[in-house]
> 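I'd like to ask you about the structure that follows.
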Amino acid sequence: MLQQTQVKTVVPYYEAFMERFPDVESLAAAPLEDVLSRWSGLGYYRRARQLHAAAVAVVERGGFPTSSAELESLPGIGPYTAAAVASMAFGEAVPVLDGNVERLLCRRLALAEDPKRSAVRRRLLQEAAQLLSLQRPGDSNQAMMELGALVCRPQQPACDTCPLSQGCRGRELGAEQFPPPRKRRNVERSRLAVVVAERQGSVLLFKRSSNEALMAGLWELPTIPLHTKETMEQSLAATYGGAWSIGSLEQVVRHSITHRSLQLVVHRGTFTAGDSVAEGPEATWADARARENLALSSMVAKSLRSYERAMQERAAEADVGLRRVKKLMEAPAGSPRNGR
DNA sequence: GAGTCGTGGCA
DNA sequence: TTGCCAAGACT
């Protein structure tokens, strides 16, 4: 969970996850669907699949591997995670190199090169090994990561309070210039139509196939690109089968996925199953309770919240209108109206 | 080696 | 509003 994700974000997911899957056996025995649903909203869903696969592998081999080399053979466990687990759980003297330590060491060595390059990486690992406490490698690794996160932070590093400022070459030259800024990628912008089809309090969802690159295996609201020659109804039928009609209600929701910036136009719509529906992706009608146990992305959850808010506002307006009408009808016939 | 994958916080 | 980035791994 902590891979590329901040601790603060992870904590609530971690606690709920551990309650649902208290040990490796329960995780291995659980359907992937359940694992994904507990991962909903955390992102990088491949991690959930790999964690599940790793649990299966651990149970099959009869226990956890205890060396960093063996750990790294498990799905989803790379150099960082293998070193972190091996050092913290099993006391192996291997250094971790996460984003924080990487930055700290680049500054310490005043390396003005891209730390992702393998040659630079080797140099950083060598330095990390030098600094590692062989008596307490787990604590030592955690201390380095904390130091990077809290003291040798990306902007405005607190060099004055740094316990490693002694041998730091970057401090003299201006720590902030190391490592060099990454090449930035251009953001791809797009507009999508998202359709909420309601039926007796349930919403129509489709399952993304497991080999999709993006959010594989998660449930999605029917979604189509905007600005096509086809009408929305045609696009929806082609993608999801059935027959569609689109209502007037629409809400705009913004969402960003790594290098993409999405404008989601959430529509209300209706869906009628036709002969072609069997050819579309797996579908389900899910009410609010059912949705709790489905794997939804944050993008879908956000769209649904926006839709529900809009519907509540519309209902409130309708209620006010109804009261006005009632009031008029209750007034004595032929009585003068306001302002006349 | 470079591209990709989600999301939320923050400046 | 926009861009950057985080306890990375995999293709």
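Source: prediction; values computed, not measured. Naming: A, B, ... by sequence-line order, numbering from 1 per chain. Side chains are part of it too, since the values below use all heavy atoms of this structure and drop only hydrogens, waters and symmetry mates.
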> Rounded to whole angstrom, note down the C1' distance from C:dT1 over to B:dG8.
16 Å
> Among the nucleotides B:dT7, C:dA9, C:dA7, which one has an atom lying closest to any side-chain atom of A:Asn100?
C:dA7
> Assess whether salt bridge (Lys or Arg N to Asp or Glu O under 4.0 Å) is satisfied between A:Arg171 and A:Glu176, documenting all intermediate values.
CA-CA 8 Å; A:Arg171 186 183 181 185; A:Glu176 276 192 70; over 6 Å; no
> For A:Arg184, report the nucleic acid contact type (base, sugar-phosphate, nothing); a contact means any heavy atom under 4.0 Å.
sugar-phosphate
> A:Pro154 near the nucleic acid: base, sugar-phosphate alone, or nothing, with a heavy-atom cut-off under 4.0 Å?
nothing
> Would you say the side chains of A:Gln3 and A:Tyr80 form a donor-acceptor pair under 3.5 Å?
no
> Compare the minimum distances between each of C:dA9, C:dA6, C:dG3 and the side chain of A:Gln50, then state the nucleotide with the smallest one.
C:dA9
> Looking at every strand, decide which applies to A:Pro181 at a 4.0 Å heavy-atom threshold: base, sugar-phosphate, or nothing.
nothing
> Could you tell me whether A:Met1 contacts a base, only the sugar-phosphate backbone, or nothing, with contacts defined as non-hydrogen atoms closer than 4.0 Å?
nothing
> Determine the contact category for A:Arg260: base if any of its heavy atoms lies under 4.0 Å from a base atom, sugar-phosphate if only primed atoms, P, OP1 or OP2 are that close, otherwise nothing.
sugar-phosphate
> Taking the side chain of A:Met145 as its heavy atoms from C-beta onward, which of C:dA7, B:dG1, B:dC5 lies nearest to it?
C:dA7
> Of all the choices, C:dA9, C:dA7, C:dG8, which nucleotide is nearest to the side chain of A:Glu146 once you look at every atom?
C:dA7
> Can you tell which of C:dA9, C:dA6, B:dG1 lies closest to the side chain of A:Arg182?
C:dA6
> Under 4.0 Å, counting only non-hydrogen atoms across every strand here, what does A:Arg103 touch: a base, just sugar-phosphate, or nothing?
sugar-phosphate
> Using distance alone, with no hydrogens and no angle criterion, decide if A:Asn141 and A:Arg136 have a side-chain donor and acceptor under 3.5 Å apart.
no
> So what does A:Leu214 hit on the nucleic acid, given a heavy-atom distance under 4.0 Å: a base, only sugar-phosphate, or nothing?
sugar-phosphate
> Below 3.5 Å, does any donor atom in the side chain of A:Arg46 face an acceptor in the base of C:dA9, or the other way round?
yes
> Heavy atoms only, 4.0 Å cut-off, all strands: where does A:Val10 land among base, sugar-phosphate and nothing?
nothing
> By the 4.0 Å heavy-atom rule, please label A:Arg153 as base, sugar-phosphate, or nothing.
nothing
> Go through the N and O atoms of the side chain of A:Thr5 and the base of B:dG6, and report whether any donor-acceptor pair is under 3.5 Å.
yes
> If you assign A:Lys116 and A:Ser298 each to the DNA chain B nucleotide with the nearest heavy atom, which residue ends up on the more 5' nucleotide?
A:Lys116
> When you match A:Lys8 and A:Ser297 each to their closest nucleotide on DNA chain B, which lands nearer the 5' end?
A:Ser297
> Name the orientation class of the two ring planes belonging to A:Phe206 and A:Phe271 (parallel below 30°, tilted from 30 to 60°, perpendicular beyond 60°).
perpendicular
> Taking the side chain as every heavy atom from C-beta outward, state whether A:Ser297 and A:Glu220 have any pair of such atoms under 4.5 Å apart.
no
